[in-house]
Amino acid sequence: MNASPGNLPASSDDYLSRLNPEQRAAVETVDGPLLVLAGAGTGKTRVLTTRFAHILMTRRAFPSQVLAVTFTNKAAREMRERVAAILGEPAEGLWLGTFHALCARMLRRHAQLVGLESNFTILDTDDQMRLLKQVMDAAGVDMKRWPPQGLMSIIQRWKDRGLTPARITAAEDSDFANNRARSLYAGYQERLVQLNACDFGDLMLHVTEILRTHRDVLADYHRRFRYILVDEYQDTNTVQYLWLRLLAQRENTAERNICCVGDDDQSIYSWRGAEIENILRFEKDFPGATIVRLESNYRSTAPILAAASGLIAKNSGRLGKTLRPGRNDAKGEPVRVVSLWDSEEEARMVGSRIEASRRSGENLSETAILVRAGFQTRAFEERMITLGIPYRVVGGQKFYERAEIRDAMAYLRVLNQPADDLAFERIVNVPKRGLGDTTIRAITQQARDAQRPLVVAAWQMVEGGAMRPKPRQALRELLEGFARWREMLGREGHVVTAATLLDESGYTEMWKQDKSPEAAGRLDNLKELVRALGEFETLAGFLEHVALVMENDENAEGERVSLMTLHAAKGLEFDHVFLPGWEEGLFPHQRALDEGGEKGLEEERRLAYVGITRARKRCIISHAANRRIYANWTSQIPSRFLDELPPDQVQVEGGAGAERQRMLNQPSAFGNGQFPLVARKPRVIEAGAWEVSERPARAAALPIGSRVFHQKFGYGRVVGADDNKLDVEFDKAGRKRVLDTFVEKA
DNA sequence: CCCCTTACCCTTTTT
DNA sequence: GGGTAAGGGG
């Protein structure tokens, strides 16, 4: 296990010498509970991975005796790779993964203890909702008055807190649907078991329940896991906390080797059930715990750190940390605050600064625009398209959440597991087969009467039920199709079968017929799905992967500006960071204030802290005096967070905008709330607007009149050209001026 | 049964 | 403004 000299450049404990004293303490305090408070950019991941490797290198445990938990697949993958790099060999047999992946693994071993079989299905959010609606429907709940979505979030919150229906006291019941939330929850759980399925929350809930009630199982895991490592501890919810505590609190207190790494200042997921209290009370849960603070920041310049620290200091109830520059070259430019007239000017400002840094040779991958809410990305996207700056939107809709992928997945699920009623329901009339509400209701009724899965009931209907000839024939064809494909699966393998199924069922044809701009992309996605299927040995293995590892790494390559929400940016870093939209109501978001009060405000402030600390060299914060929200223009007040930034670290720019802002806010002078006397918009000089493109125009390739395709706007016809800019009349999106590089011949 | 109109909602979303 | 969900007309 020890690295041989050939694998590592220097001595075998070389990996320790690269750590600073705090980090080293965090790595070498191996025994007993340890909390590592790791500020942003202080080498948290390095500590975690080095500690993991250290445990293995010093032969304190075999790889299979360490439990390492992360929140994201990405973090898990990174840890696996980095541990392997230190060890000099691939790390096999690890219990390393996300909370949910580890729980799924455990639950497959003990499924019968909660009434499931080990091949249970993991439902996606669509299925969950449909199932819950069915349960509510059966219970006669008026879903107009009591929206299913509301009940779903109540149930999820209960699951986040580790509460099975039996553990909910009458006092804790919600007044939803006249105090029926708890019994509806119980009904929903029952249906899940009948379907041999569980939802995401169940993975944690079931395993925790098993550990709580089966001492022998718990004891087995106690024997197995000698060391526990937890990443992003501030984001754990109650059930994750209970799970960890059950696993970590071994009889022998000397063996409670749990190490949690986190940062209370970066806790931004309370709305997902995360309990910041978990990290705040670590010492109480694990008496005698050691606490190590990592405060040397190796990422950002001094002004950026000072701005972030100054802001977060306004929060109360912190464990307390002060980031200090860990680099000698940490001097740098001040954080800038730019005031703009409106959101369009804000987008132009960001765009022209990005153009400027691009001209000076900066890598666009080192620039990010981080927004509070998803809708804000649109204005920037449009600006990037106009300027011809490559960008990518991180997050947003995930690959496996797209309609076409979900449909295809439903087909595969029925193939894999004919009793998967939810999947069958999803695709029975997709593409349209003339099997509408009436038919489906009849099948459902038959299934309920016969106590059989939908597929079986459907066969019964086809063979002898009361049906009109057309739907009967359509249903027969579908069912015979599945029989054929299932038989093919054994013969030809899952990849060929999947491709055949998608064609023969008429599903790909449906999208080929579709004339909307997205159709082509959807077909590509289906191809990608089949390709991904090839990476797995079995269909079941693939389905498990998709349920747990929903990832979206398209557009990852190439030099592109990143556009994402602040939440999505946690854990990332960039040379240049833009933080637009720092306005009251947007950031801090009004709803966070309304629903969370002072706590909500503090979480918003932590979000601001996360945003600023993403920046290595340059951080540009902006706010606009006017913003279009939904349909109409609203005037906006600068965010209180701007006032909380330490003034000596911040340089205010965009005086023109600020001046107008000041005048706008003087009520009497301009009377009727119409746009004020400063009507003359400042001339916005966009650097680079007149630059001549070095590349010759592609007029020859795309002459006026030719059909083109654009990623965002779809199909259109070229109606004019100006050097490399084309005027295109899009079928759907209307007339737009776009750069020729952004369209292709249709 | 399908499709088109209309009404309604609108923060964040690691798995 | 735009995307979804329910209802009514063809």
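Numbers restart at 1 for each chain; the letters A, B, ... are given by sequence-line order, proteins then strands. Computed from a prediction, not measured in an experiment: that's the story for all the values here.
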Q) Checking all strands, does A/Lys570 fall into the base, sugar-phosphate, or nothing category for heavy-atom contacts under 4.0 angstrom? A) nothing

Q) Closest heavy-atom contact between A/Leu211 and A/Trp243? A) CD1-CD1, 3.9 Å

Q) Starting at CH2 of A/Trp243 and ending at P of B/dT15, how long is that distance when rounded to a whole Å? A) 16 Å

Q.
I want to verify a distance call: between B/dT14, B/dT15, B/dT13, whose nearest atom is closest to the A/Asp235 side chain?
A. B/dT14

Q: Could you tell me whether the side chains of A/Asn315 and A/Asp265 share a donor-acceptor contact shorter than 3.5 Å?
A: no

Q. Does A/Asn429 or A/Ile268 map to a spot on DNA chain B nearer the 5' end, using the closest nucleotide for each?
A. A/Asn429

Q: Please state whether the base of B/dT12 and the side chain of A/Arg272 form at least one donor-acceptor pair under 3.5 Å?
A: no

Q.
Any side-chain N or O of A/Asn237 below 4.0 angstrom from OP1/OP2 of B/dT14?
A. no

Q) Within the pair A/Thr565 and B/dT13, is there a side-chain N or O less than 4.0 Å away from OP1 or OP2? A) yes

Q | A/His567 or A/Pro471, whichever maps to the more 5' nucleotide of DNA chain B | A | A/Pro471

Q. A/Asp231 has an atom CG; how far is it from atom P of B/dT15, in whole Å?
A. 13 Å

(Q) Applying the Watson-Crick and G-U wobble criteria at under 3.5 Å, what pairs with C/dG8? Answer none if nothing qualifies. (A) B/dC3

Q) Taking atom P of B/dT13 as reference, at what distance in whole Å does atom NE2 of A/His100 sit? A) 17 Å

Q: Give A/Ala75 one of three labels, base, sugar-phosphate or nothing, depending on what nucleic acid heavy atoms sit under 4.0 Å from its own.
A: nothing

Q.
Whether A/Asn73 contacts B/dT15 is assessed here as follows: a side-chain N or O lying under 4.0 Å from the phosphate OP1 or OP2. Is that the case?
A. yes

Q | Stacking check A/Phe375 vs B/dC10 (5.5 Å / 30 deg) | A | no

(Q) Can you see whether A/Ser635 engages A/Asn626 through a side-chain donor-acceptor pair at a distance of less than 3.5 angstrom? (A) no

Q | Closest to the A/Arg628 side chain, choosing from B/dC2, B/dT15, C/dG1 | A | C/dG1

Q | Salt bridge A/Glu644-A/Lys314, side-chain N to carboxylate O under 4.0 Å | A | no

Q.
Just to be sure I understand the rule, does A/Thr439 reach a base, reach only the sugar-phosphate, or reach nothing, if contact means heavy atoms closer than 4.0 Å?
A. sugar-phosphate

Q. Of all the nucleotides listed (B/dT12, B/dT15, B/dT13), which has the minimum atom distance to the side chain of A/Ala568?
A. B/dT13

**Q.** For atom NE2 of A/His589 and atom C1' of B/dT13, their distance in whole Å
**A.** 14 Å

Q: Mind checking salt bridge (charged side-chain N to carboxylate O under 4.0 Å, His left out) for A/Asp437 and listing every partner two or more places apart, or none if nothing turns up?
A: A/Arg441

Q: Assess A/Arg605 against A/Phe641: is NZ or CZ under 6.0 Å from the centre of the six-membered ring, and within 45 degrees of the ring's axis?
A: no

Q: Remember a base hit wins even if backbone is also touched, and classify A/Tyr269 as base, sugar-phosphate or nothing at under 4.0 Å, heavy atoms.
A: base

(Q) Rounded to whole Å, how long is the line connecting atom CZ of A/Arg378 with atom C1' of C/dG3? (A) 9 Å

Q.
For a quick check of understanding: with a heavy-atom distance under 4.0 Å over all strands, which category does A/Glu603 fall into, base, sugar-phosphate or nothing?
A. nothing

(Q) Just to be sure I understand the rule, does A/Gly201 reach a base, reach only the sugar-phosphate, or reach nothing, if contact means heavy atoms closer than 4.0 Å? (A) nothing

